[in-house]
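Here's the structure, in C-alpha cells; my notes come after.
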Amino acid sequence: MGIVNVTPDSFSDGGLHLAADRAIEQGLALSAAGADIVDVGGESTRPGAARVSAEEEKHRVLPVVRALAEAGITVSIDTMRADVADAALDAGVHIINDVSGGLADPDMPRCAAQARVPYIAMHWRAPSAEMHRHADYHDVVAEVTAELSRRLDALLAAGMGFEQIILDPGLGFAKNADHNWQLLRQLEVLHSLSRPILIGASRKSFLGRLSGENDVPGLRDDATAAVSALAAAAGAYCVRVHNVVPNLDAVRVAAAWVRRAENSPAVHLH
Ligand code: PMM
C-alpha cells in the first residue's frame, strides 16, 4: 500500500488545487512502481496534530480519489469520518482505512457495513493531540490484542462481515518505540484474531531513533524496508509505505525466503 497525503502543508508552496494535482501524480507513480493499493488521506494524524473540518477533508481527498479510481487503481481512504468515507465511496474508493477502528465516529461501522468493502481497523486509544498520554501498558501485546478483539466484536455487532475486516496494531499511535518493537516482535499474537494484519511503520520516528537521527523521515526508508521484510515473513498481509520500490523488493525477498524454508527438507539433529 502506497501513501498519498493530501495536506497543503505537505506540498510546501501552492494551494489546494496544486496539492491535489501533485497528489494525483504521486498516486499514479506509486501504482506504476508496483503498489497494489494507494491510500489517500486528507487529515494528518501525526502526534499532536490538530483536526481539520469534514468539509476541508473532503475538498482535499475527493478529486484525488476520483482521479486515481478512474485510472483503474485500487484506492483506500484514510479517514476517521463516516461522512468522508461515504463521499469517497461515491467517488470510487474500494477500501476504508480508519485509524480509529470505528471509535472516532460512531457512524463509521454502519457506513462500512452498508458498503461491504474491506475495512482496516487500527488500534487507537485517543485523538492524535492527546495520544501520548495514553501510551501506558502493562503488557502492550496482550492489551492491543484484547482491545482489537473488542473492536472486532463491536464492528460485527454493527453489521459488518468478519471477512471485511483487516486489523492493524497502529504503530506509534499511543505507543512509544519500545511498544512498537514488542508488537512487531510478537505479530503471531495478533494473528490469533484470525484476520489479515496491516503494518504501518513507514518512516515513523521509532525507526529514526534506531540510527540516532531523528528529523529526516526520508532517511528512514532502509529501516522501513527491513521492517517490511520481517513483517511479511511473519505473515503480515500488507505494509503501508511511502516509498514503494524498496518495500516491494523487501516483501518479495520475504516471500522467496519463506517459500524456501517451507520447501527445505526437515533437519534431523539426532
Ligand atoms: N499511520 C498513519 C496514517 N494512517 N493507517 C494505518 N492503517 N496504519 C498506520 O500505521 C497509519 C495509518 C500515520 O503515518 P503518516 O503520517 O506517515 O501517513
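All values reported here derive from a predicted model rather than from experimental measurement. Read the numbers this way: they start at 1 and go in the same order the structure lists the ligands and their atoms. These numbers come from the heavy atoms of this one structure, side chains and all, not from hydrogens, waters or symmetry mates.
When each atom of ligand 1 is checked for a heavy atom of Asn5 under 4.0 Å away, the hits are 18 (O). Listed by number with element, the atoms of ligand 1 under 4.0 Å from a non-hydrogen atom of Ile120 are 7 (N). Atoms of ligand 1 lying under 4.0 Å from any heavy atom of Val99, numbered from 1 in the order shown and given with element: 4 (N), 5 (N), 12 (C). Close contacts between ligand 1 and Thr45 involve ligand atoms 2 (C), 3 (C), 13 (C) [criterion: under 4.0 Å to a heavy atom].
Side chains of Thr79 and Glu43: no donor on one and acceptor on the other come within 3.5 Å.
With a 4.0 Å heavy-atom cut-off, ligand 1 is reached by the side chain of Asp78 but not by its N, CA, C or O. Using a 4.0 Å cut-off between heavy atoms, Leu198 contacts ligand 1 through its side chain alone, with no backbone atom that close.
In this structure, Asn5 contributes its side chain and Thr7 its backbone to no donor-acceptor pair below 3.5 Å.
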Could you give me the CA-CA distance, side-chain angles and deciding distance for Leu28 and Ile73, then say whether side chain to side chain contact (heavy atoms under 4.5 Å, CB included) is met? CA-CA 8 Å; Leu28 294 171; Ile73 294 171; 3.8 Å; yes

Start with the C-alpha gap between Tyr119 and Ile96, add the side-chain angles, then the distance that decides, and say whether side chain to side chain contact (heavy atoms under 4.5 Å, CB included) holds. CA-CA 5 Å; Tyr119 174 82; Ile96 300 170; 3.8 Å; yes

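Of the candidates His242, Arg203, Arg240, it is Arg240 that places a heavy atom closest to atom 3 (C) of ligand 1.
Scanning the protein heavy atoms around atom 10 (O) of ligand 1, the nearest turns out to be Lys204 NZ, 2.7 Å. Scanning all protein heavy atoms for the shortest distance to atom 5 (N) of ligand 1 gives Asn97 ND2, 3.2 Å. Scanning the protein heavy atoms around atom 6 (C) of ligand 1, the nearest turns out to be Asp168 OD2, 3.1 Å.
Of the listed residues (Lys58, Arg110, Arg81), just one forms a side chain to side chain donor-acceptor pair (under 3.5 Å) with Asp86, and that residue is Arg110.
Residues Arg51 and Met80 have side chains in contact (heavy-atom distance under 4.5 Å, counting atoms from C-beta outward).
Cation-pi check for Arg125 over Phe173 is not met; the charged atom does not lie both under 6.0 angstrom from the ring centroid and within 45 degrees of its normal.
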